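None of the values given here were measured: they were computed from a predicted structure. Every chain is numbered from 1, with letters handed out A, B, ... down the list of sequences.
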Amino acid sequence: MLMKRLLVATAAAIALWSWWDYRAGAADSSGLTGPRRRIAVVLSVGGLGDKSFNDSAYEGLLRAVRELGIEEAHGEPADIAEPAEFLDVYAEEGYDLIIGVGFLMKDAVEKAARSHPDRKFALIDAPIDPREYPNCASLLFSEHEGSFLVGALAAMASKSGRVGFVGGMDIPLIHKFKVGYAEGARHVNPECEVLVRYAGAGPDAFHDPVKGKAMAETLFSQGVDVIYHASGSTGNGVIQAAAEHGKLAIGVDANQNYMKPGHVLTSMLKRVDVAVCETIRAVCEERFQGRVCVFGLKEGGIGYAMDEHNRALVTSPMQERVEALKAKILAGEIRVTDYLEVQRGK
Amino acid sequence: MTDVNPPAVEMLHITKRFSGGVVAVEDVSIGVAQGEIHAVIGENGAGKSTLMGVLSGLIPADSGEIRLSGAPVSNPGPASAVRHGIGMVYQHFMLIPVFTVAENIVLGREPAAGLRFDRRAAEEQVRALSDRYGLKVDPAARVETLSVGQEQRVEILKVLHCGADILILDEPTAVLTPQETKDLFSVLLQLKSQGKTILFISHKLNEVLAIADTITVLRHGKVVETMPAKGAMKESLARMMVGRDLESGAPDPRHPVGAVASASAEVLLELERIEVLRDNGLPALRGVSLQVRSGEILGLAGVEGNGQTELLEVAAGLREKVGGEIRLHDGVSGRDVSRTSISERHRLGLSHIPEDRHRRGLVLDFSVVENAILGRHRDEAFCGPWGIRSSADIEAATLAERFEVHANDLADRVRGLSGGNQQKLVVGRELARRPRVLLAAQPTRGVDLAAVAIIHRALREARSTGAAILLVSSDLSELLALSDRIAVMYEGSVVATLDPAKTTEEELGLYMAGGGRSSAIPS
Amino acid sequence: MNEFSLLPALVPATIQAATPLLFAALGGLISERAGIVNLALEGMMLAGAFAGACAAILLHDAVPGHPAAAAAGAVMAALVAGALVALLHAAACITFRADQVVSGIALNMLVLGLTVFFSQSIFHMKGGTPQLEEVTLGRLSLGASMALSPLCFVAAAVLPVAGFLLFSTPFGLRLRACGEHPRAAATVGIPVARIRYLAVLASGLLAGLGGLYLVFDVGSFSKEMTSGRGYIALAAIIFGRWRPGLTLAGCLLFGLAQSLQLQLQGRVEVPVAFLQMLPYGVTLVVLAGAIGRSTPPAALGKTG
Amino acid sequence: MLKKLDELSVSAWALLAAGVVVSLVILAIGENPIAVGRALIDGAFGGPRRVANTLQYAIPLTLSGLAVALAFRGGLFNIGVEGQLYVGAFAAAIVASPVASRTAGEGLATACGPLAILAAILAGVTAGAFWAGIAGALKSLRGVNEVIATIMLNWIALFLVGYLVNLPSFKATGDIPQTAEIAAGGRLPGLFPLSGDGAVMAGSGLLLALTTLLAVVWLFGRSVLGYEIRAVGHNPSAAEAAGIPVRGRLLQTMLLSGAIAGLVGADQVLGVHHRFIANFSPGFGYLGIAIALLGRNHPVGIVIAAFLFAALKGGALQMDALTNVPREMITVLQAVLLLFVAAAAGVRARMGARET
């Protein structure tokens, strides 16, 4: 009897929810004709909504849908075993290109590339040997170059001469951001101090905004007034803290300037969207090949964000100076340390 | 009495079934007049407590009606019962140990000063109430520090504080000394004189005849008769309770059958200056020394809470002691088993029929077979390299037959068995060990008379084969019928050791109330 | 490494880390004092966080320009959502007499799933919401260096209120009676089920606020953002031996450990992991009775 | 026997009810529950790889269900399986990796392999038992509620292994907090091929699970230890009076439960990931609670429940990959299921209680 009442109540609650459904019309704009390429993206653990890495990759996929008329699918793994399963599912379902997002997926992509030699794969952020995996492209970024530029901006904007860095995990890939950033800051102000914090040891470290905020507040309390984060959605907390404390944050991967206008100095743009969309374009134009592609300043894969949200923060002398630095890097006059290369060289 | 005033309480056609179709009370109707003491008597399991539970609203009836002063109670439940002035003193006290006396008593109708609970007013109210009825308690004391008798006073005060006009007392004397019982009765008479209506549950006929105005006899969930107490005969009441004459085959208690141990028989169990603390840190046993000889039943009398339970638990190994020695004799020399594990004591020939079969005696969710070997499951007879052997089934079947344990299937859970069958299973299992020493606590509590007879027979048989039996019972007639000697305990000490042939229930009662310290016969 | 002393930053950081815990712990305390184990605190917090974020964003979209109204709506939504989960827990535990621990675990799973489910269907974001933009609760300044969320003060105010309610009012006496000996309470006419429902409901309201605190702290909702704080609150209750004052101490201890490990990073060579473990270890030690005996309400967790 | 069936029917009804509730939720977001159901089944059983995945996922679920159920039978609620399996996994990994990598490629590897595997399994089991034993010891010696103790220990375990795996001596080079890969000789071998070409194998973890299952069946069906554990679980006072060392049995129950949890970890390391990876478990320990309850603590029921959950997981992934229904729907389904089973059990217990 009570059970029945409970069921009725649940149904009513659900009906209420569906009535309140906020969903906009389906985003499917499939007006295109012809045989369509089918492309799948397997996102990094944490999934969509990080406003940086994953969202950026997804943005690239959607752009390909719009511009190239492909059919898309995307998977959001919930644990470390699932990326491999998603890759398998998409390969079996006959997707032409399957892109793995994030260095955590390296093993899984290699394995999938081995067991599905007739499919094309791409991996973002970690190199895969094209001689061994000819059906596999790796998409790498010169994060150190972009980090150098935002580091220079940070040092210019800092009044205390003390800038901060919040990383997700204490790992080589994040060190690459940190080292570039520190070099940029010191290039502008050799006295500049860089305080570094990491969110944690597990993949969770990239989606814990509560912790990100606490870390940023700690850094602010220690005299830091600009913080650059390379920590996925953990950085949302960093930006929030900057807004609350009247300090500055620097976004990463995607343009995060809009998140707290006036408090995000700039964002280090890592155009995962560009890399994703270009790789898809290569497949559509039948010129995909297994190789390591590096997206740097030169390729437009890396940059720093300027828009109406940070116009007031970056004065034109500052911007001129950064542009000069950028030109020097492009010209090879400044060589920013690539931490990973140093590691490999060791 | 005229019919102008409707009875204070009327219960009409009350039926209550528990799951499994067990009928607790069936079509029971009783009426209680304003200002009388109405006793409800019956054997254990006759439905007395269930009926009163229905009246107090704690147990919802399946059908039937309750009327108070002629008005039907529309929405029965504890709250409504309290509103209608019904208060019940439960057999198992409904007190909160960590609350103070005052908090317990005013709970549900607390005096308040603004939003705040007015503790001082509460204590004042309790003091006034306890003065008025002569029920002395300290309102600020925590209930967990009180004695059982004091707890009962708190319970009665609680009911009075609720403003109850109708008091229900469920076996109130079970835990009291005769003196405390006398005090209780004078309180009840005082309450009656103030116009309170009292329902009194008991199975002790003497008490009922002493205090009640009207008696209702219940048997198997049905009313046998309601009659005025004046002129009622003890024997006929007893017959109504059990449905037949009291077992005529019962041996005369003054001439126990079986081998009576001589003073020279071997001492098998020896307790020396045992000292034990209660859970609350107060002394429970103050240097008790006892010896039980082969072929002897030593009865242990005493009001509940005077240390008998603790004594048996210490001997069984279930309770720590702070002083003294326990020796089990194996024919040559006594071995101090104070530090010996329970299973080792079992091996040395000790058996224990626990006082509470549900708590200590049985695993209710185990089958009859599994319970039949509980404690003996590591014996080679039942246990092989691959686990428990099928010989356990045979053992269970044998036990069931010998002790008349009625179960549909030996693989059924014992939870579904009646209390008598459960108890017979426990007794049978413990005796099947062929113990040299048997500790028997309340072996016949709450079982039907047929089961009592079987259990008594089994205990006598064990004695005749040379076992030493230490028997604790709150049923004095049982003690007198079975024991070769009776030791009386009072406040943690043995105050007397008596010869059952030369004593009476009255004399026992005197000692149990702490009325003297002497030893009638040497132990 | 630098001349900045720990203390000025540590105090506000500890208070901020302890606030959501305190909300949940006080709720749990009330519920457990009434005899209902509340493992569902985690789910209640998460539900409060999600509903609060949704309300803030949707109201702000619907009626732009009134961030204060949206913030008020968020508070209401968090309270309602926490209460809804509490209602389910109460129904399961009290009406259906389900195992309280199991019900708590199931509800935590349920809320986790539903937040992702609905964030997907409402915002097309899996397990997250957009930024709250200008909807905030603001900050109240305390001296020069301390500006705290108003919710910190609410939590601080709820503490004595809860303490007064539990230990100084007739209602509190009845509530504790339900947790100690429900049958005894029932026999004197106390509506045990109703009081237990109210207690669990109170825990839902408070835990909902605890979740909301997190949302306003970071300005958006993200999947699993409570990350075990409901369980930590439970530990704080045990640490506090079911007393409000000591429970506060427990919450502050956990808050301190959390902020200390952030403060000390880069300063000392103590592995962060050990600082993170510390409060859990201390709770175990407290449980083991090494620091005084901890006695839960007698009827805690007993069904029926 | 009839009673057992009756008890499982509660689970079946709960499953049906939960399915109805979740279908309504799916309808509410405008999707077709039947299509979703088809995707679920296809994802779980459509093709050898998916069957293999379902099987592989059912192994840890069965084991952790057994771990929880074993403790339940002994009257203990082990919420700590998650922490225990992490500790077990890490122990197995550090034992397996040096042995296996040193002998990799050499003739010795084939000889050492089985021994290394055995040693690693043993290490995992021991470590899991030890971790559970802490809660067991606290329970039996100090009367500490094991629910809270195991929750605390879960956190400590997570931080501990998270710290250890990042130590230079254990961490493999690279960005991921994981230990070095175990060489082929140190891994659990494939058991039998599931696809024609032999590319998809059923892991020999299946054998581990089966052995454990049979051991648990024997433990509670016939063994004296199991009898005593159950007696303690149902009525510790009576067990004590019967001469059963209650405290010892409580500790042993926790040890055994933790040992099975450790086996889950060892299986994941040796048979699936071939290394320890931080945060590898998708909550096997917590799912084990749901599975034990759904399977009514009965080994057969647990296997059925574990396969159900494993199929749901595989199907959910497929659904997530190819439809608009988020996979958290499965979490919702499991939660509702658990709630219904718990409520139904409560109602039955109340109806069955004899009040006197």
Side-chain angles (χ1 to χ4, degrees), chain C residues 37 39 43 88-89 91-93 95-103 105-121 126-127 223 228 231-232 234-235 237-238 271-284 286-290 293-294 296 300-301 303-304, chain D residues 25-26 28-30 77 79 134-135 137-138 141-145 147-149 151-164 166-167 283 286-287 289-290 293 320 324-350 353:
Chain C
V37 176
L39 247 59
L88 282 177
H89 189 53
C93 297
T95 305
F96 292 101
R97 308 201 187 195
D99 185 294
Q100 298 173 7
V101 172
V102 175
S103 166
I105 291 172
L107 284 171
N108 292 345
M109 279 169 72
L110 182 71
V111 175
L112 174 62
L114 285 180
T115 53
V116 178
F117 208 77
F118 287 121
S119 67
Q120 167 95 339
S121 59
K126 218 161 175 179
K223 183 181 167 186
Y231 294 104
I232 298 175
L234 215 57
I237 296 168
I238 296 155
V272 172
F274 290 102
L275 279 169
Q276 289 173 310
M277 284 178 221
L278 186 71
Y280 303 100
V282 171
T283 303
L284 273 184
V286 169
L287 275 172
R293 203 82 185 134
S294 191
L300 183 61
T303 51
Chain D
V25 177
I26 293 171
I29 65 163
F77 200 155
I79 298 192
I134 298 174
L138 284 170
L141 297 179
R142 310 287 311 189
V144 174
N145 182 330
V147 170
I148 301 299
I151 290 175
M152 296 302 112
L153 284 166
N154 276 348
W155 289 100
I156 297 175
L158 274 178
F159 289 127
L160 185 68
V161 296
Y163 166 72
L164 291 176
N166 278 298
L167 287 181
Y286 300 110
L287 291 171
I289 297 167
L293 286 163
D320 193 63
N324 275 327
V325 181
R327 62 129 56 88
E328 275 71 16
M329 191 207 79
I330 298 306
T331 311
V332 174
L333 178 80
Q334 289 167 343
V336 174
L337 191 54
L338 195 52
L339 215 49
F340 279 161
V341 170
V347 169
R348 282 163 59 95
R350 175 169 46 165

Q: Under 4.5 Å, counting heavy-atom pairs only, tell me which of C:Gly113, C:Ser103, C:Ala92 racks up the most with chain D.
A: C:Gly113
Q) Does the side chain of C:Asn108 pick up a donor-acceptor pair with the side chain of C:Tyr231 at under 3.5 Å? A) yes
Q. Any idea which of D:Val147, D:Val332, D:Ile289 has the most non-hydrogen atom pairs under 4.5 angstrom with chain C?
A. D:Val332
**Q.** Which atom of C:His89 lies closest to which atom of C:Val37, heavy atoms considered
**A.** NE2-O, 3.0 Å
Q.
Looking at every non-hydrogen atom in both residues, tell me the closest pair between D:Ala290 and D:Leu338 and how far apart they are.
A. CA-CD1, 3.6 Å
Part of [X] within contact of chain C (heavy atom distance under 4.5 Å):
{"X": "D:Tyr286", "answer": "neither"}
{"X": "D:Leu337", "answer": "neither"}
{"X": "D:Leu339", "answer": "both"}
{"X": "D:Ile156", "answer": "both"}

Q) Checking C:Leu114 against chain D: side chain, backbone, both or neither under 4.5 Å from a heavy atom? A) both
Q | Gap separating the CG atom of C:Leu39 from the CD atom of C:Gln100, nearest 0.5 angstrom | A | 10.0 Å
Q: Over 60° means perpendicular and under 30° means parallel, so classify the ring planes of D:Trp155 and C:Tyr280, tilted if in between.
A: parallel
Q) Side chains of C:Val102 and C:Ile105: closer than 4.5 Å at any heavy-atom pair? A) no
